[in-house]
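Comments concern the structure below.
Since we're looking at a predicted model, the values are computed, not measured. Convention: sequence-line order gives letters A, B, ...; per-chain numbering from 1.
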Amino acid sequence: METATASSSSSPASISFYDFLDRMRNPASLDLVRSIKSFIVSFSFYAPNPESDGKRVQDFFLSMETSIRDHPLWAGASDEEIDCAMEGLEKYVMTKLFSRAFACCPDDLRIDQEIAEKISMLQTFLRPEHLDIPTILRSESSWLLAEKELGKINAHKAPREKLLCIMNCCRVINNLLLNASMSEKHVLAGADDFLPVLIYVTIKANPPQLHSNLKFIQLYRRQAKLTSEAAYYFTNLVSAKSFIVDLHAKSLSIDEIEFEENMQVAKLANKVPDEDPCPTRDGEDGLRRETGVGTFTAMNFKERSNSGLQYSFNNLFELAKMHMIVTGSPYPFMQAEARDLTVGDVERLLRLYKDVVDKYTNLCTAYRHLASSKLESGHFKGSTASCCYEQPETSVSRQREDGADI
Amino acid sequence: MGCSSSLPDRNSGRLSGLNSENSGATDAKNLRVKLVLLGDSGVGKSCIVLRFVRGQFDPTSKVTIGASFLSQTIALQDSTTVKFEIWDTAGQERYAALAPLYYRGASVAVVVYDITSPESFQKAQYWVKELQKHGSPDMVMALVGNKADLLENREVSDQDGMEYAEKNRMFFIETSAKTADNINQLFEEIAKRLPRPASS
Ligand SMILES: Nc1nc2c(ncn2[C@@H]2O[C@H](COP(=O)(O)OP(=O)(O)O)[C@@H](O)[C@H]2O)c(=O)[nH]1
Ligand SMILES: [Mg+2]
């Protein structure tokens with residue numbers, strides 16, 4: 001398998017990213033840096049719009065590829081070297097644009113939340129036989145490994161690295177299928193075996209923000225790279241998501257009444273706004289997935305259903321919006337377009353700007369403090385080498401990369 | 001905000017890319033095509049692909065030998081090559097609605113049935129209709145009657161297969177993955193029918 005080579009701690013992707021940064025810091029590439037920076041800045045003039053943002057970013061990647069090919073610093077470079085530079089560029093640009101480009105509309109958050117809720121309901125009763133997964137493919141250890149890979153998806157910002165989590169998950173499943181076909185009389189059944197296992201693993205993993213992650217990869221992974229095998233496995237996860245979203249009793253080998261009953265019970269048990277909609281910083285949440293089962297006990301089920309405190313995330317979101325309307329937003333320019341502004345706004349804008357920067361700086365300090373105390377007390381897992389496949393960077397180097405500038 | 005929540009269609013308005021997804025022609029002489037397999041479970045899709053991919057050795061291929069995505073390059077007489085990227089689809093009924101996600105952007109669809117099973121022939125016709133409704137109009141479509149070695153159990157005549165294919169402007173062939181009969185021919189014939197990018 002091609003990936004077995006990349007098991008060392010300094011992943012080649014990381015090296016090439018630093019190589020990219022180095023070259024960009026070379027005075028000779030000042031023109032490239034200017035284009036990159038002005039491209040990134042240009043985004044602050046428009047409201048986020050996934051469709052057109054995606055198109056603009058893809059077009060930019062293509063035009064930068066031409067510029068890099070023609071650039072003296074890359075004179076005589078091989079296709080692979082150009083490709084490395086492009087991977088570095090994708091990572092740099094998308095890390096900078098991440099908060100704008102990822103899960104940027106309320107709709108995305110809502111869909112993510114709906115999927116996560118449905119999955120956690122399904123987790124309470126779904127069994128492999130409901131998807132007719134053959135006994136020989138029921139391997140808890142392989143599934144756990146696959147779930148872990150998928151669960152890491154929010155630990156990364158670069159589209160390539162998110163995609164890699166999906167690929168690694170699929171590779172674990174493929175290994176399982178191959179082993180099964182070699183050890184026993186099970187014939188390789190291709191997609192007939194693969195898809196049900198991927199669906200089951202996806203449900204067990206309940207990967208954070210599934211919809212937003214898929215959308216982000218689709219829009220921002222360099223187009224030339226979302227082809228062939230990567231496109232195939234990506235499509236399989238899109239299709240697993242779609243199956244889960246539309247899933248009803250008839251989609252499974254289960255008695256219809258039994259299904260409805262299970263869903264009702266799970267709905268009551270799960271109706272608490274306990275999922276964190278924000279991207280997590282590392283892979284440590286990869287195994288927190290059995291919550292649906294874990295939290296459901298007869299007692300808290302009764303408590304919760306009697307308390308009437310069953311707001312979903314949606315309600316909270318609406319509430320927050322209402323609050324803003326009633327009390328007035330502290331940041332009144334959020335909905336403004338550049339053309340709406342006048343010179344008279346400058347003073348107020350500057351004051352708000354300083355206020356935001358202050359808050360942000362304080363938040364960062366607090367966050368760093370929190371992260372480092374976590375590190376010391378040993379709770380900072382997530383970068384344990386669980387798998388010999390190519391791994392995106394560890395969380396520590398990632399924080400450095402997030403802040404990297406050229 | 002102009003936000004749409006569904007996954008955007010990659011192929012809408014983005015065909016300007018150097019390597020568009022469907023017929024990702026690397027150049028006029030070396031085509032890369034996405035081929036999607038459709039048909040009931042058990043008709044022999046996996047066997048056909050394994051038969052085609054096995055026995056030809058491509059040391060430069062870095063593709064994982066997964067069971068559901070395989071690729072194979074063939075050389076044609078005019079010294080061009082075609083790299084088939086073969087996408088298997090789950091044949092179980094409960095996944096039928098997902099098929100469009102797989103055949104979107106494919107340049108070739110191969111619809112397989114089992115000549116000993118009239119139901120599988122019915123199912124093949126269902127897929128052909130689906131592809132005509134939702135697939136890209138310039139997709140090359142092939143109808144394949146597999147298990148041709150099981151002559152004594154034949155329940156779908158080759159006449160029926162041929163007529164249906166002709167009516168729907170598809171290429172038709174009967175194969176046996178067991179004896180390897182017509183397997184290579186299937187892919188060679190498809191390769192010949194691919195639209196070629198204008199050579200320079
Ligand atoms: N006799 C005969 N059996 C075949 C042929 N092709 C496939 N089979 C058998 O049909 C069964 C299903 O084949 P498979 O490739 O898994 O079908 P798929 O579900 O369409 O992928 C297996 O038991 C194969 O051995 C063939 O050409 N002739
Ligand atoms: Mg199969």
Bottom line for D246(A): the part with an atom under 4.5 Å from chain B's heavy atoms is neither
Only pairs of heavy atoms separated by less than 4.5 Å count here; which of D88(B), T89(B), V49(B) has the most with chain A?
D88(B)
Criterion side chain to side chain contact (heavy atoms under 4.5 Å, CB included) on K225(A) and M86(A), from CA distance to verdict:
CA-CA 11 Å; K225(A) 290 291 175 170; M86(A) 289 305 297; over 6 Å; no
Given that the side chain runs from C-beta out, which part of S46(B) has a heavy atom under 4.5 Å from chain A: side chain, backbone, both or neither?
side chain
Which one, D193(A), N236(A), L252(A), L177(A), leads in non-hydrogen pairs under 4.5 Å with chain B?
N236(A)
What part of Y232(A) gets within 4.5 angstrom of chain B, counting heavy atoms only: side chain, backbone, both, or neither?
both
Within the side chain of T66(A), is there an N or O that forms a donor-acceptor pair under 3.5 Å with the backbone of L62(A)?
yes
Out of S242(A), S228(A), S251(A), return the one with the most heavy atom pairs under 4.5 angstrom to chain B.
S228(A)
Is any side-chain heavy atom of S71(B) closer than 4.5 Å to a side-chain heavy atom of F84(B)?
no
Among I190(B), N182(B), N184(B), the one residue meeting side chain to side chain contact (heavy atoms under 4.5 Å, CB included) with L186(B):
I190(B)
If you draw the axis of the six-membered ring of F61(A), does the NZ or CZ of R221(A) fall within 45° of it and under 6.0 Å from the ring centre?
no
When you look at S120(B) and D114(B), which way does the side-chain hydrogen bond (donor to acceptor under 3.5 Å, both in side chains) test go after all the steps?
CA-CA 6 Å; S120(B) 76; D114(B) 170 353; 5.4 Å; no
So for S253(A), is it side chain, backbone, both, or neither that comes closer than 4.5 Å to the heavy atoms of chain B?
both
Per-residue contact mode, L101(B) against chain A (heavy atom under 4.5 angstrom):
both
